[in-house]
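As structure tokens, the structure follows; a few thoughts come after it.
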Amino acid sequence: MTVASALLIVFLLLVGLLVVIEEWRVSIPTLLAAELCRIALMYQAALFAATTGRALLLAVEIVTAASVALILFVTALNFTREYNTEQLDEFALMELRRSARRSRQQRAQMTGRWSGYVVPIGAVLLAGIATWLLGQAYPVARDRSLDAAWTFSLLCGLLVLITANDALKLGLGLLLAMSSAKLLYFGVAARLNVLHIGLLELLSLMFALIVAYLSGLLYGRLHTLDLGSLFERR
């Protein structure tokens, strides 16, 4: 097994886990690991080899991945903490109690039940099959490993966006879609353009900041990051 094949397998496993995992303490480090694996996969595919300043490009990719993970981690840490109840009014306390009851009910429903993971795991397997079929029927990138990586990342990103139940999960889906766009660009571009790469990295940072801002708005109003709270009757 080549190094590129090993990196591809690890990347696919990490991206697939992001569809299944709901806990942000696990999903954010998993996202960072997947991004680092993506960078290593592109570097192993020698796409940086013919580019001047490849060390700088590699450093920019790594710094962006770490910055995005840090933004999401700080966001989750700030907006999932326990409030000092002495500083809250009656309505805020009522919201906190309602959110706590809903969380306890969800945990009670999922405790000891693996059935909740059947659909996500099945969706990831279907995404893997679709990735293989698309790669065989219509290869796009010059490198087969990058072709599989960008397709699978895009499909899993769409799955995360569809099944997202909180703002952080929604952000993970957007960032997976951006990861797919980067892989596609590096896989099809005949000559890498520093401006294009910088724009892609800037978009990743913007998505992370937008998720942080929306999380602040949602948590400031409803004291929860659960998107379902937006559709509940008041």
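Just so you know, these numbers use all the heavy atoms, side chains as well, and skip hydrogens, waters and symmetry mates.
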Review point. Mind checking whether Gln136 and Arg144 have side chains closer than 4.5 Å, heavy atoms only?
Key: yes
Practice item. Verify ring-ring contact (aromatic ring centres under 6.0 Å, His included) between Phe73 and Trp24, making sure each step is shown before the conclusion. Key: CA-CA 8 Å; Phe73 183 80; Trp24 65 268; 5.7 Å; yes
Check your understanding: Hey, any chance Leu205 and Val211 share a hydrophobic cluster, counting ILVMFWY side chains that come within less than 4.5 Å of each other, even indirectly?
Key -> yes
Revision key, fill the gap. In this structure, CH2 of Trp150 is separated from CG of Leu41 (nearest 0.5 Å) by 14.5 Å
Review point. Cut-off 3.5 Å, side chains only: do Lys169 and Ser27 have a donor facing an acceptor?
Key: no
Review point. So which heavy atom on Ala76 is nearest to which on Ile28, and how close?
Key: CB-CD1, 4.2 Å
Check your understanding: Got a sec, which hydrophobics cluster with Leu14, joining ILVMFWY side chains under 4.5 Å apart, including via others?
Key -> Val10
Check your understanding: Heavy-atom distance under 4.5 Å between the side chains of Ile71 and Thr75, does that happen here?
Key -> yes
Review point. Once you round to the nearest 0.5 Å, how far does CG of Leu146 lie from CG of Leu7?
Key: 10.5 Å
Check your understanding: Got Glu22 and Asn165 here, is their nearest side-chain heavy-atom distance under 4.5 Å?
Key -> yes
Practice item. Flag the pair Phe11 / Ser153 as yes when at least one side-chain heavy-atom distance between them is below 4.5 Å, and no otherwise. Key: yes
Review point. Just wondering, do Thr2 and Ser5 contact through their side chains at under 4.5 Å, heavy atoms?
Key: yes
Check your understanding: Heavy atoms, side chains only, cut-off 4.5 Å: are Phe186 and Glu61 in contact?
Key -> yes
Check your understanding: Hey, does Lys182 have a side-chain heavy atom less than 4.5 Å from the side chain of Glu35?
Key -> yes
Exercise for review: Determine, stepwise, if the pair Ser67 / Thr64 fulfils side chain to side chain donor-acceptor pair (under 3.5 Å).
Suggested key: CA-CA 5 Å; Ser67 299; Thr64 303; over 6 Å; no
